[in-house]
Number of protein chains: 2
Amino acid sequence: MDPHLLRTYVTVARLASFSEAARELGYTQSAVSQHIAALEQDLGAALLTRRPVGPTAAGERLLEHAGPLLLRLDAARADVVRMASAPEHGLTLAVTPTALGPRTVAALPAAGVTLRALARADIPAAVATGAADLGLVDGLAAPSDPLGLPDVAPLTTCGIAEEPVCVLLPAAHPLARRPGLRLADLVDARWLDAPGAGLPLDRLHTAGGAGGVRTALRYEGTDLRTLATLAAAGHGLTVLPRSFTTDVPGAVAVPLVAPRLVHRTELIHGGALRGPAAALARELTDQHRE
Amino acid sequence: MDPHLLRTYVTVARLASFSEAARELGYTQSAVSQHIAALEQDLGAALLTRRPVGPTAAGERLLEHAGPLLLRLDAARADVVRMASAPEHGLTLAVTPTALGPRTVAALPAAGVTLRALARADIPAAVATGAADLGLVDGLAAPSDPLGLPDVAPLTTCGIAEEPVCVLLPAAHPLARRPGLRLADLVDARWLDAPGAGLPLDRLHTAGGAGGVRTALRYEGTDLRTLATLAAAGHGLTVLPRSFTTDVPGAVAVPLVAPRLVHRTELIHGGALRGPAAALARELTDQHRE
DNA sequence: CAAGCCGCATCAGCGTTGCTTATCGGGAGT
DNA sequence: ACTCCCGATAAGCAACGCTGATGCGGCTTG
């Protein structure tokens, strides 16, 4: 199974056309046809239906494998060349929106930094393939428990910050005066579902037990300011790390005391840390250790 | 990066010899030398030191990637051909020692079953590569929480059983009369460390907080009977799923009530379930649902 | 210290693979 | 029914990859 063949296969499957795939890959249509034929003969199974072009059952299966496989391949290549090439001057960070706490921002070098906001699931891939030098991922976890990240490649991750999480309530909310909230107090509440903002509610689901969390409004952007404003206006509750809950007019942040969850931020990097990336990583981990 | 080249690279690195690797792979020494040269040129980095032969820093890095990569490749091939080939008559199960509960044993077909006891970390790989049709993995987890398994390939897992865990104590132990035990009661106790038996203590570590679990005796076998006997003789405590704690002379099993952990068993399988494997999987999951 | 040997690199030769151009066959739209 | 579009197939050619032979450096041995 040549990765080359695999790549043309996924291209054909994506475009649903041999000729289109050939154009995109810079081959002739004949070559693509031969690639697919070679793959099918090698695996002893039909992978594509022709006319119309589409994956068979076995082909669907192969597609599920192909993505991670090619990703890992890129990751391996990137990781090795990174060790041999000269340390770069710039620094690219892949981050989830809520992973950039004030302390982290303060630690950034003054110039030459590129921030790339991504969905949390894409950050390991970005770091692995070298699209970013470092990744910052956050999430809800039990204290000192690691976040479970998809292992697309052998990456190193270490926690760099943990802080309490707060529930953001409109100031007029009956529970806004409480010193602390238990999730059980909020079983009847409506939530803001904000999958793009990095704090998925499903972690609350599983931590809170069987009761489903009901969502009032779904926000697909990544801007936390908007999210906080929505919460203040009473469109639903949301959980945020404490340092993000200051200065939200009309809203009150109440710490979540049960279940015991913290907002945890992890730094993730490949094997070779060189140049400014190494300096930043050292600083962030040292801060946490202190 | 041809997987072929990768395979010869890991072989050379493992045997620390070009000629030996050539012999094992059925190539000439010349071919192996060319393979390595091609890889090094492709990646633009030296991977091996010659005389003596050993991986460089970049080579070490590549080795870490190569294993999972080749595994995934095998898994993809196995998964696809499994969909196309005729359903087999036999049935191979990869299991951890404690994953085979009495209910599971009862559900096995009368003939044609091969059981393969493996370490838990190897079971996903065995299922992915087709070395086993189904895998049974157990572990300690919070109720209805999935076990975190290494995702070597797109596999499907579903829980098939959960049962309380018990601490196995010598009958004479001062705590043996208690109706239930908290882990906090046992901070001073000595434990049996049995990494091969499938219930690693480290899960207790993380669940129980910072305090280290001190081990009195390390048992590297996989036999639970021996483990139970050791516990009964006072060589240390151990945790076992309840159904494994009956009929241990001289020992008493006391349920662990805090932290709330259950012994969870999961069934793991690839994409194509056919023949007896499908029947068994259906039965086990149905039992659990009821 | 010198000779021999072992092991990796290099080179020339050759078979096979893999890509291209050209052509065929079949299904859909007009 | 004609035509267009798309994928399969055939022939040709270049490049790749393997083999066998040779070169060279280091380690062992007498």
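Below, read A as the first sequence line, B as the second, and so on, with proteins coming before strands; counting in each chain starts at 1. Computed from a predicted model, the values in this text were never measured in an experiment.
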Atom CG of B:Asp42 and atom P of D:dC16 are separated, to the nearest Å, by 13 Å
- For the pair A:Thr56 (side chain) and A:Leu47 (backbone), establish whether a donor and an acceptor sit closer than 3.5 Å, ignoring hydrogens and angles. yes
Atom OH of B:Tyr27 and atom C1' of D:dG20 are separated, to the nearest Å, by 17 Å
For B:Asp74, is there an ion pair with B:Arg77 - N to carboxylate O distance below 4.0 angstrom?
no
Between CG of A:Leu48 and P of D:dG7 the distance, given in whole Å, is 10 Å
Are OP1 or OP2 of C:dC8 and a side-chain N or O of B:Ser19 less than 4.0 angstrom apart?
-> yes
Taken to the nearest whole Å, CG/B:Leu15 to P/C:dC8 is 11 Å
A:Leu25 CG to C:dG18 P, in whole Å, measures 16 Å
Taking D:dC18, C:dT20, C:dT10 as options, the one with an atom nearest any side-chain atom of B:Ser33 is C:dT10
Rounded to whole Å, CG of A:Leu5 lies from P of C:dT17 at a distance of 13 Å
Within the 4.5 Å heavy-atom criterion, are A:Val95 and A:Leu118 side-chain neighbours or not?
no
**Message:** Taking only side-chain N and O atoms of B:His4, does any of them lie within less than 4.0 angstrom of OP1 or OP2 on D:dG17?
**Reply:** no
- Query: Taking N and O atoms by type only, does the side chain of B:Gln29 place a donor or acceptor under 3.5 Å from a partner on the base of D:dT19?
  - Reply: no
On the nucleotide C:dC19, are OP1 or OP2 found under 4.0 Å from the side-chain N or O atoms that A:Ser30 carries? no
Atom CD of A:Gln41 and atom P of C:dG18 are separated, to the nearest Å, by 12 Å
In whole angstroms, the gap separating P of C:dT10 from NE2 of B:His35 amounts to 16 Å
field: Polar side-chain contact A:Gln34-C:dT17 base: donor and acceptor under 3.5 Å
entry: no
* Salt-bridge criterion met for A:Arg14 and A:Glu24 (N-O under 4.0 Å) -> yes
TODO: Would you classify B:Val53 as touching base, sugar-phosphate or nothing, given that sugar-phosphate means primed atoms plus P, OP1 and OP2, and contacts are heavy atoms under 4.0 Å?
DONE: sugar-phosphate
Looking only at C:dC19, C:dT10, D:dG7, the nucleotide nearest the A:Phe18 side chain is D:dG7
Checklist entry - Does a side chain donor of either A:Asp138 or A:Thr96 reach within less than 3.5 Å of an acceptor in the other side chain? => result yes
